[in-house]
Amino acid sequence: MPRITLPDGSHRDYDAPVDGIRIAGDIGERLLKASIGLKVDGEIRDLGHLIESDAQVSIITSGSKKDDPEQDALFLVRHSCAHVMAEAIERVVPGAELVYGPPTDMGFYYDIRFPVDRTLSSEDFPAIEEQMKEIIAEDRPFRRYQFGREEGMSKLQDEGSKYKIDNAERAIEAGSDELSWYVTGELGTDWEDLCRGPHLPSTGRIGAFKLLSVASSYWHGDASSDSLTRVYGTAFSFPAQLQRHLDQLEEARRRDHRVIGKKQNLFRIDEEVGQGLVLWQPGGAVVRRELEEFIRSHLIASGYDMVYTPHVAKLDLYRTSGHFPYYRESQFPPLLAAEFLDAIADEGCSCAELSHRIGEGSVEGFMLKPMNCPHHIKIYDAEARSYRDLPVRLAEFGTVYRWEQSGELNGLTRVRGFTQDDAHIFCTEDQVGEELLGCLSLAKLVLSTLGLEDYRVRVGLRDTDSTKYIGDPARWDRAEEACRQAASSLGVPYVEEVGEAAFYGPKIDFVVKDAIGREWQLGTVQVDYNLPERFDLSYTGSDNSSHRPVMIHRAPFGSFERFIGILIEHFEGAFPTWLAPEQARVLPISMKHVDYARGIVDRLVAVGIRVTLDDSDERVNAKIKVAADERIPYLLVVGGRDEEAETVSVRQRGIGDRGAIPVDAFIDELVAEVRERRLPMAAKEEV
RNA sequence: GCUGCUGUAGCUCAGUGGUAGAGCACGUCCUUGGUAAGGACGAGGUCACGGGUUCAAGUCCCGUCAGCAGCUCCA
């Protein structure tokens with residue numbers, strides 16, 4: 001006799017198993033009409049799911065646009081839309097084999113194996129969408145049919161899809177007693193798919209959908225397995241929701257750092273220079289330099305020593321550190337010493353053999369550095385260290401080179417040569433906690449100055465069941481506790497992730513949220529017991545005996561390339577004045593006022609402002625349009641009236657025309673804004 | 001690396017087998033203009049690169065390189 005407890009705490013008793021249609025109908029006609037599914041003891045179910053015993057039940061409705069924090073309704077809509085799309089694709093492309101089609105955070109996809117002579121492209125979308133509209137218009141019910149294991153498996157054997165058989169085997173392995181199919185309409189005549197569900201009551205409840213893209217994927221995510229075609233789409237209960245989603249995608253495209261970077265001449269990636277290798281144009285170089293100076297000033301104030309190290313080192317260094325040849329796949333190939341090449345050529349060494357020797361690491365030469373730590377370790381080790389010297393904090397904006405797969409490269413956010421805000425702290429074990437907190441606090445300060453106030457940290461811990469971690473478990477426990485402590489005392493949200501530690505120590509990752517709510521993974525802080533061991537580092541303790549220091553790697557912003565890419569998108573190219581490549585532009589009303597304008601430029605240059613003069617023979621309207629498109633923070637319009645009164649007429653980005661301001665007062669204001677690294681008002685509000 | 005799409009002027013793009021185009025930017029001239037594009041004229045291209053098909057290729061085919069979306073990867 002099920003007792004159904006509703007979210008408001010009230011309950012209804014039934015004397016027989018009951019489904020959601022009955023429950024919703026008992027509550028009210030309007031609720032029934034809006035109902036699309038159930039949540040039974042936290043699990044999403046079909047609206048028609050039969051509840052046989054006492055349960056907590058809430059009814060999922062297509063509901064109002066804001067009223068679905070759990071996205072349960074979207075889950076149902078999207079999952080069902082994936083089925084509708086699959087049916088449509090099978091109609092359009094006979095012989096397509098379905099593999100797997102789940103909903104995702106933003107929509108859904110279906111992985112499909114196409115006949116060898118057929119591929120799918122976005123040109124096929126209109127035909128598929130047409131079929132989907134028909135299926136939705138028919139408003140066919142989703143019906144669930146369950147079979148026992150044997151019966152279900154034999155049905156699948158008859159159908160003969162190895163992918164679906166595999167799905168079923170996995171479901172059974174995961175403990176499922178039965179297999180279920182969903183039929184879109186009538187069993188035997190309409191389309192069906194092996195599926196765990198749940199689904200909408202009928203296809204007509206899909207209010208709006210759109211196919212978005214096509215990509216390839218691998219069966220089981222395994223690159224050596226079958227290659228599948230993945231079709232992406234998204235779906236909502238209401239057309240207005242879809243439109244808002246598409247608007248958001250448009251907003252993200254407008255902020256694309258690759259587009260803005262090109263338009264504002266911040267950086268270039270030139271194919272003759274190489275994939276993933278960034279050329280910083282003068283404008284982008286200003287942003288980077290300002291950021292470097294800002295971070296450097298905080299590093300120095302926090303007790304770091306700045307160092308410089310070369311971009312290459314001998315392979316031996318990386319044999320000691322373990323980077324070569326172990327991580328060979330993600331490094332640029334070694335630079336082989338000329339003497340070495342000559343010598344093995346004399347021996348008659350073939351290319352194949354040379355390649356093999358590189359693979360096993362038995363070559364002599366140099367390598368572009370994939371990490372800065374070995375160099376910093378050598379600087380630590382250059383002096384005899386005592387416990388009184390610790391912690392030693394060595395910082396460098398160190399450029400490293402990594403051979404990212406070509407498909408991974410993306411603007412500034414994934415590149416092959418990049419400069420980290422890197423530092424290595426050598427300390428005693430007792431100092432680890434305090435040093436971790438110092439790293440996090442420094443990052444917090446920098447992020448808040450840039451208006452990136454919304455972020456969280458992830459603490460990566462070891463999986464105690466695994467054997468891949470090196471070092472003393474007791475020491476691991478202490479280091480993990482120190483990471484937890486540091487993260488929690490920072491006062492920002494943090495999550496712990498077991499199994500995410502590096503093999504050599506636990507770590508803390510930064511994830512920031514930008515102006516439109518997207519999350520970006522920045523850098524990490526990592527505790528390392530491995531490298532001090534490999535390089536046999538030591539310090540003399542107060543007991544006059546030798547001890548092993550602990551190392552902390554920290555690059556909280558990751559790299560300048562990625563960080564600036566994120567900043568470009570965060571600010572939509574409208575940098576705060578202190579970072580803006582061009583901070584002000586003087587716009588004379590006519591050529592008669594160019595001399596006065598030039599005088600203003602000189603005065604601003606004298607106080608360190610980056611300012612230019614627009615002496616083009618254009619009207620002021622045109623000059624403003626051009627400068628506004630370039631997102632210049634201050635436009636100073638000057639004409640006869642200003643010349644007489646010693647003023648500039650200020651147009652401020654984001655505010656508009658502020659009218660005439662005495663030159664001295666404006667200069668004071670601008671200098672103060674830059675010195676204090678103030679944020680533009682708009683950016684602050686949005687965060 | 002894999003799949004799909006794309007590569008034409010500095011930028012954004014049109015051009016589907018028959019004499020390379022537009023807008024912006026750039027140059028010259030006219031205009032001397034008070035808050036989001038005044039006007040005229042001009043210069044600018046090995047149509048990514050290499051092969052092939054064809055009387056004829058920016059256009060069709062193959063390969064290479066590069067970009068984009070996703071997959072996989074990210075010490």
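Residue numbering restarts at 1 for every chain, and letters A, B, ... go by the order of the sequence lines.
By the side-chain contact (heavy atoms from CB on, under 4.5 Å) test, A:Ala622 is found to be paired with A:Glu618, residues two or more places apart in sequence or in another chain being considered. With sequence neighbours left out, A:Ala665 forms a side-chain contact (heavy atoms from CB on, under 4.5 Å) with A:Ile661, A:Pro662. Residues passing the salt bridge (charged side-chain N to carboxylate O under 4.0 Å, His left out) test with A:Arg319, sequence neighbours excluded: A:Asp316. Every residue two or more places apart in sequence or in another chain that forms a ring-ring contact (aromatic ring centres under 6.0 Å, His included) with A:Phe563 is listed here: A:Phe557.
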Apply salt bridge (charged side-chain N to carboxylate O under 4.0 Å, His left out) to the pair A:Glu500 and A:Arg458, showing each step before the final yes or no.
CA-CA 9 Å; A:Glu500 288 302 305; A:Arg458 286 194 303 233; over 6 Å; no
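Across all strands, A:Glu404 comes closer than 4.0 Å to no nucleic acid atom at all (heavy-atom distances). The residue A:Tyr504 sits close only to the backbone: its heavy atoms come under 4.0 Å of sugar-phosphate atoms, none of a base.
Aromatic ring centroids of A:Phe108 and A:His79 lie 6.0 Å or more apart.
Atom pair A:Gln281:CD and B:rG10:P shows a separation of 15 Å (rounding to whole Å applied).
For B:rG17, there is no paired nucleotide, since no Watson-Crick or G-U wobble pair has both relevant distances below 3.5 Å. The partner of B:rG44 is absent, by the rule that a Watson-Crick or G-U pair needs both atom distances under 3.5 Å. When both distances must be under 3.5 Å, the Watson-Crick or G-U wobble mate of B:rC29 is B:rG39.
OP1 or OP2 of B:rU12 has not a single side-chain nitrogen or oxygen of A:Lys263 nearer than 4.0 Å.
Remark: of the listed residues A:Val611, A:Val626, A:Leu613, A:Val626 is the sole one forming a side-chain contact (heavy atoms from CB on, under 4.5 Å) with A:Arg585.
For A:Phe397, the CZ atom is densely surrounded, since the number of other residues' heavy atoms within 6.0 Å is greater than 12.
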Got a list of protein N/O to nucleotides 65-71 of chain B N/O distances below 3.5 Å?
residue: B:rA66; atom: OP1; partner: A:Gln275; partner atom: OE1; Å: 3.0
residue: B:rG67; atom: OP2; partner: A:Gln275; partner atom: NE2; Å: 2.5
residue: B:rC68; atom: OP1; partner: A:Arg258; partner atom: NH1; Å: 3.2
residue: B:rC68; atom: O3'; partner: A:Arg258; partner atom: NH1; Å: 3.3
residue: B:rA69; atom: OP1; partner: A:Arg258; partner atom: NH1; Å: 3.4
residue: B:rA69; atom: OP1; partner: A:Arg258; partner atom: NH2; Å: 2.9
residue: B:rA69; atom: OP2; partner: A:Arg258; partner atom: NH1; Å: 3.2
residue: B:rA69; atom: OP2; partner: A:Asn410; partner atom: ND2; Å: 3.0
residue: B:rG70; atom: O3'; partner: A:Tyr232; partner atom: OH; Å: 3.1
residue: B:rG70; atom: O2'; partner: A:Tyr232; partner atom: OH; Å: 3.0
residue: B:rG70; atom: N2; partner: A:Ser216; partner atom: N; Å: 3.4
residue: B:rG70; atom: N2; partner: A:Ser216; partner atom: O; Å: 3.2
residue: B:rG70; atom: N2; partner: A:Ser216; partner atom: OG; Å: 2.6
residue: B:rC71; atom: O4'; partner: A:Ser216; partner atom: O; Å: 3.1
residue: B:rC71; atom: N4; partner: A:Glu408; partner atom: OE2; Å: 3.2

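Put simply, the side chain of A:Phe510 does not reach to within 4.5 Å of the side chain of A:Gln521, judged on heavy atoms.
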Base-contact (B) and sugar-phosphate-only (S) positions in nucleotides 32-42 of chain B, heavy-atom cut-off under 4.0 Å, - elsewhere
BBBBBBB----
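B:rA48 and B:rA43 have their P atoms separated by 24 Å, with the value rounded to a whole Å.
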